[in-house]
Structure formats: C-alpha cells, structure tokens
Amino acid sequence: MNLFSGLLGLNVMIRLAVLLTGSGTTLENLFQRRDAGTLDAEVAVVIASRADAYGLERARKRNIPAFVIERKAFVLPEDFSAAVFEKVTAYQPDLVCLAGFMSLLRIPEAFTHRVVNIHPSLLPAFGGKGYYGHRVHEAVLKTGCKVTGCTVHFVDNEYDQGPIIKQRAVEVLPDDTADTLAERVQAAEREIYPAAIQLIAQQRLKIVGRTVRVLPPS
Ligand code: GAR
C-alpha cells in the first residue's frame, strides 16, 4: 500500500513489522491499542536484535512470528540492516516500527518514509549515538532541563534524525530520578506512538522537506 497516496479516510488495517531490542512494552502497547480498536494496524512480524529480548515472548504469546537477528553477529551496520530488511520484506509490511531498537539501520530505498521510531526525548535534544533508554533521562537530569518529552519520527540513515511526526512535552520535577522521569515519559510515549501510526494508517501525513504536515480527517 502507498502510505502517502492521499486517499483520505481509507480505513484499512496496515501491517507492521516491529523491531526491538529489549522488554517490548512499546510493542505490548501497540497490541493493546489494536485490541481496543483505536489502532488500525496489526503486527505481522517481530524482529529482535538480541536473543534475550523479552519482546520476543510477548510476540510469541500472540502467535506472531518472532525472529532474532543478533547485531553482534555482524560487523558492519550495512550487513546487519540487509539481513533485517530481508526478513522484514518477507512479511510485506506497510510500515516498520522501531520499538526500543538500539542499533543503527541503513534504510533501503523501498523503505524511505516507511520506518518510524519513538525516542524518549524532545528531539533534536538528547538524540544521536549513545542516547537511548535510561541514558537519555540521566542526561536530561544532569543537564538540569525543566522540560523533556518524547518524539515520533521517520527514520533515516542517521540516529534519531528523520522528519518529526509527533512530540509531547513532559515536565521534569525537582525530585525526579531517571526511573520516575522514564515512567512519565513512557506514559506519553504510549499515547503518541499509536496516535502517529494511526495517522499513517489513515494516510493523513504529508512530508514536505523536513516537515510532516497532518491533513485533516475527511
Ligand atoms: C522506550 O522508552 C523507547 O522510547 C526507547 O527505549 C524504550 C523501549 O522500551 N527508545 C530509545 O531510546 C531509542 N533511541 P521497551 O523495550 O519496553 O519497549
């Protein structure tokens, strides 16, 4: 399916490939939104970059094909990415969702603007190599920021850089630890990630240069 054909209001179920490295709470949230009928997207395949990723269990419990392609089995990101996208392509997803996926990818041309990510900060702050998971919240606290948040964006060949789809701000409280801050940021992530995917499913996004415009519902 062409996600940007502009066929507004077309209410179809899109197919997702979900890539993850860790516990998979982001994946679980997508399952729950789909179950609740608020997300028109079904997970067709899950791929983990580590064999011990609990997200694999979450997928298998729902009888969703789940595979391990270990990052450490490859030297070059190009080779790792080629293996990942070979598997992804076999399941013919409309969209690839990174859900706590901690490795750099080289995006094949056919997947330009068809890969999205959720990042636990307000990009472009606290993004790039080395900024992932709790490290992001620790850096936010160390810097003394009063506001942080999360960002959904299209993925290109650099860490945390493609066009931004949605962001939500979260206040940093005086007594926050990385854990308490992560908890509130992740609550915001659970709202904006499915909401962004739903906009894609409804073909309501238009990319103009680096800017993503949201078209009104038909
Ligand atoms: C999420 O908070 C996500 O924003 C973050 O990893 C966590 C994954 O949690 N992603 C990044 O830091 C990407 N740079 P999960 O494994 O429980 O879904």
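Just so it is clear, the model here is predicted, and its values are computed rather than measured. Both ligands and their constituent atoms are indexed starting at 1 by order of listing.
- Looking only at side-chain heavy atoms (C-beta outward), D94 and I200 stay at 4.5 Å or farther from each other.
- The single protein non-hydrogen atom nearest to atom 18 (O) of ligand 1 is T26 OG1, 2.6 Å, given as residue, atom name and distance.
- For E191 and R33, the salt-bridge test passes: some basic side-chain N is under 4.0 Å from an acidic carboxylate O.
- Side chains of S49 and M102 form no contact here, defined as non-hydrogen atoms less than 4.5 Å apart.
- Annotation: side chain of E28 is in contact with side chain of R62 (closest heavy-atom distance under 4.5 Å).
- Applying the 6.0 Å contact sphere to CZ of R50 captures no more than 12 heavy atoms from other residues, nucleotides or ligands.
- The minimum heavy-atom distance linking A53 with T21 is given by the pair CB-O, 3.2 Å.
- Proximity to Y131 (heavy-atom distance under 4.0 Å) selects the following atoms of ligand 1: 14 (N).
- Of the options M102, E28, R190, the smallest heavy-atom separation from atom 6 (O) of ligand 1 is shown by M102.
- The shortest N/O to N/O separation between Q186 and ligand 1 falls below 3.5 Å.
- Regarding atom 5 (C) of ligand 1, its nearest protein heavy-atom neighbour is P120 CD, 3.9 Å.
- Relative orientation of the Y131 and F126 rings is perpendicular, given thresholds of 30° and 60° on the angle between their planes.
- Nearest protein neighbour of atom 8 (C) of ligand 1, counting heavy atoms only, is G100 CA, 3.6 Å.
- Distance from atom 14 (N) of ligand 1 to its nearest protein heavy atom, with residue and atom name: H119 ND1, 3.2 Å.
- Counting the atoms of ligand 1 from 1 in the order shown, those under 4.0 Å from a heavy atom of Y132 are 12 (O), 14 (N).
- Protein heavy atom closest to atom 12 (O) of ligand 1, with residue, atom name and distance, is G133 N, 2.8 Å.
- For atom 3 (C) of ligand 1, the nearest non-hydrogen atom of the protein is E189 OE1, 3.5 Å.
- Taking 4.5 Å as the limit, some side-chain heavy atom of V115 sits within range of a side-chain heavy atom of F85.
- Under the 6.0 Å distance and 45° angle rule, R34 does not count as a cation-pi partner of F31.
- Not a single heavy atom of Y159 lies less than 4.0 angstrom from ligand 1.
- Closest to atom 16 (O) of ligand 1 among all protein heavy atoms lies G24 N, 3.1 Å.
- Ligand 1 is approached by I118 to a heavy-atom distance shorter than 4.0 Å.
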